[in-house]
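This is a predicted model, so every value here is computed, not measured. One-based numbering, in listed order, for ligands and for the atoms of each. Numbers here simply count residues along the sequence, with the first being 1. Because only heavy atoms are used, hydrogens play no part in the values below, and waters and symmetry mates are left out as well, while side chains stay in.
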Amino acid sequence: MGGMKGNEEGKSSSSATGDFSKEKTIGSLFNESMINLDHGDPKVFEAYWVEMDAESSITITASQSLSYFSDITNLCWFLQPELANAIRSLHGVVGNAVAGDRYIVVGNGSSQVFQAALYALSSDSDEPINVVSAAPYYSSYPPMADLVKSRLYHWGGDANVFDDKDRPYIEVVCSPCNPDGSIRKQVINGPDGKLIYDLAYYWPQFTPITFQADHDIMMFTASKSTGHAGSRIGWAIVKEECIARKMTEFIELNTIGVSKEAQLRVAKILDFIYDGCRKSESDEPPQSNVFEYGHRILSERWKKLREVVDRTKVFNLAEYPSEHCNFFGKVTKSHPGNERYIMGNI
Ligand SMILES: Cc1ncc(COP(=O)(O)O)c(C=O)c1O
């Protein structure tokens with residue numbers, strides 16, 4: 001991971017003089033005032049989860065989860081049934097994706113799911129096929145596509161200027177997009193093109209839910225939906241059985257499945273959120289769920305960021321549209337979930 005490592009770089013020459021109090025002040029000032037734009041870490045919902053610890057935690061005993069297998073009747077045999085049910089229920093109540101009768105493939109974060117999808121969509125190819133995405137795109141797509149110098153696929157650059165569309169390609173559509181927060185659609189329409197939708201941020205705290213997505217491969221992750229990046233749970237909702245089977249094969253050969261502890265933890269958290277959403281829907285007094293909380297926190301942060309940026313007269317921030325959110329039942333504004341949106345106008 002990039003970025004400065006706190007005191008190492010924050011040290012002043014005062015240590016040579018033994019003036020440690022000065023060193024601490026400079027070091028902590030440096031740490032507190034630094035915005036690290038190199039990578040995001042979604043601890044923004046931590047305060048919420050601290051409050052919810054008692055109701056949303058699970059205990060896993062030493063005798064539990066010894067087997068490699070989670071459900072041998074399922075194509076994705078390492079997917080815990082609890083997690084599959086929780087994923088389907090949550091997408092149902094949020095209304096952001098059709099998941100009911102689709103295949104679900106779980107991975108170690110959506111990063112592994114992405115690589116499984118690349119493999120599944122290219123495994124029959126005789127030559128490396130291009131993986132493209134409209135710029136600006138998530139900065140990890142190119143290195144993930146090129147890391148192992150695969151004979152099946154390689155990074156092909158910006159989809160907006162891709163001119164080899166008569167041959168097979170994979171277009172990654174990230175919506176809302178990291179880094180610019182825009183709502184995206186595919187930009188290429190070639191006869192042999194395949195699509196992967198990265199919907200990591202298509203949750204109501206980040207953007208209005210305006211339709212139920214129903215694409216061939218849709219990726220989601222606990223890292224962004226609930227803020228549990230450390231659990232490393234991502235999933236794909238897949239229409240075609242053969243693609244889901246190949247994705248499962250990739251994860252089987254890559255890591256022989258996904259930690260059951262992590263899956264059970266995330267299942268519990270998704271169930272907890274689902275229950276909160278259902279209570280908000282019923283006549284019971286609405287209880288704050290992570291989507292309401294997240295929406296509020298992100299609104300506040302964006303407001304502050306806009307105030308600061310306005311004062312600079314040097315930078316400006318993208319404006320995002322307000323739309324009716326089917327989940328909240330009212331017009332809401334997009335509040336993209338990472339803070340790399342300052343665009344220079346000098
Ligand atoms: C658009 C997008 N997709 C995927 C990921 C990776 O998510 P995960 O933590 O599930 O691997 C990120 C993380 O920042 C992201 O921004």
Side-chain angles (χ1 to χ4, degrees), residues 1-3 35-46 49 76 79 83 86-87 90-91 96-97 104-119 131-147 155 158-159 170-186 195-203 205-207 213 215 217-238 247 250-251 254-255 257-259 262-263 265-267 269-270 294 298 320 334-341:
M1 301 286 257
I35 300 176
N36 184 345
L37 298 177
D38 176 66
H39 62 269
D41 194 11
K43 287 177 69 184
V44 58
F45 307 141
E46 192 173 33
W49 289 116
C76 184
L79 169 61
L83 182 61
I87 287 171
L90 192 63
H91 283 299
N96 59 346
I104 293 177
V105 179
V106 67
N108 290 283
S110 62
S111 302
Q112 190 186 33
V113 172
F114 176 61
Q115 293 173 58
L118 293 182
Y119 165 74
V131 180
V132 296
S133 188
Y137 40 73
Y138 174 41
S139 57
S140 291
Y141 292 150
M144 284 200 282
D146 279 343
L147 183 69
W155 179 245
D158 180 2
I170 298 170
E171 180 180 349
V172 192
V173 183
C174 182
S175 184
C177 171
N178 177 1
D180 73 0
S182 61
I183 299 300
R184 295 285 185 88
K185 291 198 167 111
Q186 70 182 93
L195 294 164
I196 299 174
Y197 276 82
D198 184 346
L199 303 183
Y201 295 94
Y202 192 45
W203 294 96
Q205 67 272 46
F206 303 119
T207 192
H215 306 292
I217 303 180
M218 301 184 282
M219 302 191 305
F220 292 91
T221 167
S223 305
K224 315 299 172 186
S225 53
T226 72
H228 289 84
S231 288
R232 307 307 304 129
I233 294 291
W235 61 92
I237 301 175
V238 181
M247 290 177 70
F250 179 93
I251 294 169
N254 197 218
T255 49
V258 177
S259 156
Q263 292 192 57
R265 176 177 188 229
V266 169
I269 287 161
L270 300 188
L298 290 170
Y320 295 100
S334 281
H335 297 300
N338 80 42
E339 278 123 30
R340 295 178 225 168
Y341 303 99

So, does [X] sit close enough to ligand 1 that a heavy atom of it is under 4.0 Å from the ligand?
X: Arg232; result: yes
X: Tyr201; result: yes
X: Gly109; result: yes
X: Ala229; result: no
X: Lys224; result: yes

For the residue pair Tyr201 and Phe206, does the interplanar ring angle fall in the parallel (under 30°), tilted (30 to 60°) or perpendicular (over 60°) class? perpendicular

Is the ring pair His91/Trp235 parallel, tilted or perpendicular, if the boundaries are 30 and 60 degrees? perpendicular

Using the side chain to side chain contact (heavy atoms under 4.5 Å, CB included) criterion, which residues pair with Arg232? Sequence neighbours excluded. Ser111, Ser223

Residue list, side chain to side chain contact (heavy atoms under 4.5 Å, CB included) with Ala200, at least two apart or on another chain: Asp198, Thr221, Lys224

Within the side chain of [X], is there an N or O that forms a donor-acceptor pair under 3.5 Å with the backbone of [Y]?
X: Gln205; Y: Leu298; result: no
X: Trp49; Y: Thr226; result: yes
X: Arg184; Y: Ala134; result: yes

Taking 4.0 Å as the limit for heavy-atom contacts, which would you say applies to Ser111 with ligand 1: side chain only, backbone only, both, or neither? both

For [X], counting its heavy atoms only, list the atoms of ligand 1 lying under 4.0 Å from any of them.
X: Cys174; answer: 1 (C)
X: Asn178; answer: 1 (C), 15 (C), 16 (O)
X: Ser223; answer: 8 (P), 9 (O), 10 (O)
X: Thr221; answer: 8 (P), 10 (O)

Which heavy-atom pair separates Trp155 from Val131 by the least distance, and what is that distance? CE3-O, 3.1 Å

Would you name the heavy atoms of Phe220 and Ser110 that are closest together and state the gap between them? O-CB, 3.7 Å

Asn108 versus ligand 1: do any nitrogen or oxygen atoms come within less than 3.5 Å of each other? no

Nitrogen or oxygen atoms of Tyr141 and ligand 1 under 3.5 Å apart: no

Pick, from Ser175, Gly230, Ser110, Pro176, the option with the minimum heavy-atom distance to atom 8 (P) of ligand 1. Ser110

